[in-house]
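Below is one structure, written out as structure tokens, with a few remarks after it.
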Amino acid sequence: MGIQLGPLLETRKIKVEELSGQRVAIDGFNVLYQFLTSIRQADGSLLTDPKGRVTSHLSGILFRFSKLVEKGLKLCIVFDGKPPALKKNLLEQRRRRKIKAQIEWEAAIEAGDTETARTKAQQTTRLESHMINESKKLLDLLGIPWVDAPSEGEAQVASLLNQGMVDYGASQDFDTVLFGASKFIRNLTLSGRRKLPKQQKWVEVSPEIIDLEMSFQKLELNREQLIDVAILMGTDFNPGIDGVGPKRGLKLIQEFGKAEGALEKLGKEIKNLDEIRSLFLEHPFVDFNPEWKTPNVESTLSYLCDDFSFNKVRVEKALEKYVDAKPRGRQFTLGDF
DNA sequence: CTCTGCAA
DNA sequence: TTGCAGAGG
């Protein structure tokens with residue numbers, strides 16, 4: 001998912017502590033999808049309450065965000081709105097893949113192959129509207145502001161950055177930079193190790209800041225040109241040209257300046273080229289002024305423990321981190337003066 | 001994903 | 001104290 005822009009961008013590894021006092025807009029669908037993919041049992045089944053309702057997303061919000069808030073980060077969550085028409089093909093493709101994975105998951109369970117079962121289960125991950133509503137309710141109780149984007153959440157994140165409402169955007173998807181997010185964080189987490197799929201290997205993962213200005217300087221490209229590189233490689237809105245990855249895409253745009261020249265050279269065509277460009281350059285957004293509030297401890301306990309059967313001791317412990325949040329570092333922006 | 005309990 | 005396996009809901 002997303003675009004493989006990683007090799008082209010300058011990144012700087014950081015410690016979460018460096019973000020203390022900073023306002024961070026998180027791509028909500030991206031992070032919920034992560035929780036629903038990874039917060040699972042060994043055979044791939046999701047965590048549920050005794051009534052069978054999924055709780056993985058709520059667990060993820062409570063525990064991960066508690067650590068970030070405790071470190072002094074001010075989180076703001078941005079949810080996707082209506083997807084652009086040009087994304088329909090991709091969404092349909094994903095839907096079909098999930099149905100296939102569902103069948104393969106059941107087969108793996110039948111065969112007693114737990115490893116494969118988990119992998120296939122993860123590929124079936126679907127973010128349902130009730131999960132989004134439950135997540136929003138929990139965020140309200142925790143005092144964490146959220147906003148519905150009119151369309152792509154990543155574009156809304158970029159607009160919050162540009163309007164000075166937040167200091168950083170956070171997502172795993174590199175697309176975020178194409179929408180214009182200049183200060184952008186990947187791997188916003190505290191836990192160090194992550195298991196590689198299909199392997200018994202572990203890798204160290206730490207948060208990293210994507211330095212867009214430095215990337216542009218190094219690549220000798222501007223944002224419009226990076227968008228053209230991405231379009232040649234393929235984005236959420238177009239399939240891209242066979243055999244063009246980050247390296248070749250970059251070379252082509254460096255040589256021809258924009259996609260048209262490169263396409264002519266290759267003898268290829270990309271439909272809706274200008275429309276795709278404008279999806280990145282002029283994406284709709286809404287004005288939003290995030291307000292951070294203190295958590296409602298009693299109501300959160302009631303929601304998670306009474307409604308969803310979370311363990312009270314564990315929830316109380318996590319909630320202490322929200323209450324004891326210690327923002328350090330810069331708390332005011334230039335705009336406040 | 002993060003948390004917890006237990007072994008080294 | 002650290003690392004790991006297994007649980008969490």
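Below, chain A is the first sequence line, B the second, and so on; all start at residue 1. Side chains are part of it too, since the values below use all heavy atoms of this structure and drop only hydrogens, waters and symmetry mates.
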Using a heavy-atom cut-off of 4.0 Å to chain A, what are the terminal contacting nucleotides of DNA chain C, in 5' to 3' order?
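Extent of the interface on DNA chain C: C:dC4 to C:dG9.
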Would you mind telling me which of A:L47, A:T124, A:L46 makes a side-chain contact (heavy atoms from CB on, under 4.5 Å) with A:L36?
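The single option meeting the side-chain contact (heavy atoms from CB on, under 4.5 Å) with A:L36 is A:L46.
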Counting only heavy atoms from other residues, nucleotides and ligands, does the tally under 6.0 Å from CD of A:E291 exceed 12?
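Counting neighbours around CD of A:E291, 12 or fewer heavy atoms of other residues, nucleotides or ligands fall under 6.0 Å, so no.
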A:K87, NZ: over 12 other non-hydrogen atoms inside 6.0 angstrom:
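Buried by this count: over 12 neighbours within 6.0 Å.
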If I take atom [atom1] in residue [X] and atom [atom2] in nucleotide [N], what distance separates them, rounded to the nearest angstrom?
X: A:H57; N: B:dT2; atom1: NE2; atom2: P; value: 17 Å
X: A:L62; N: B:dC1; atom1: CG; atom2: C1'; value: 12 Å
X: A:F63; N: B:dC1; atom1: CZ; atom2: C1'; value: 10 Å

Just to be sure I understand the rule, does [X] reach a base, reach only the sugar-phosphate, or reach nothing, if contact means heavy atoms closer than 4.0 Å?
X: A:F310; answer: sugar-phosphate
X: A:K51; answer: nothing
X: A:S56; answer: nothing

Name all pairs fulfilling the ring pair (Phe, Tyr, Trp, His ring centres under 6.0 Å) condition that reach into residues 251-281 of chain A, sequence neighbours left out, sorted by first residue then second.
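Counting only pairs at least two positions apart or across chains, the ring pair (Phe, Tyr, Trp, His ring centres under 6.0 Å) contacts touching residues 251-281 of chain A are A:F179-A:F280, A:F237-A:F280.
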Please list all pairs meeting salt bridge (charged side-chain N to carboxylate O under 4.0 Å, His left out) that have one or both residues in residues 27-48 of chain A, counting only residues at least two apart or in different chains.
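Sorted pair list comes back empty.
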Please confirm whether the shortest side-chain N or O distance from [X] to OP1 or OP2 of [N] is below 4.0 Å.
X: A:S66; N: B:dT2; value: no
X: A:K317; N: B:dT4; value: yes
X: A:R314; N: B:dC3; value: no

Under the rule for salt bridge (Lys or Arg N to Asp or Glu O under 4.0 Å), what residues qualify as partners of A:K136, not counting sequence neighbours?
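Per chain and number, A:K136 pairs via salt bridge (Lys or Arg N to Asp or Glu O under 4.0 Å) with A:D148.
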For A:R12, which residues count as a salt bridge (Lys or Arg N to Asp or Glu O under 4.0 Å) partner, sequence neighbours excluded?
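Salt bridge (Lys or Arg N to Asp or Glu O under 4.0 Å) check on A:R12 returns A:E18.
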Say whether A:N238 and A:T235, considering side chains only, have a donor N or O and an acceptor N or O under 3.5 Å apart.
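On atom types as modelled, these side chains qualify, holding a pair under 3.5 Å.
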Would you check if A:L5 and A:I210 make a side-chain contact, meaning some heavy-atom pair closer than 4.5 Å?
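No, too far: nothing below the 4.5 Å cut-off.
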Using a strict heavy-atom distance below 4.0 Å, which residues from residues 40-48 of chain A are in contact with DNA chain C?
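Those residues are A:R40, A:Q41, A:L46, A:L47, A:T48.
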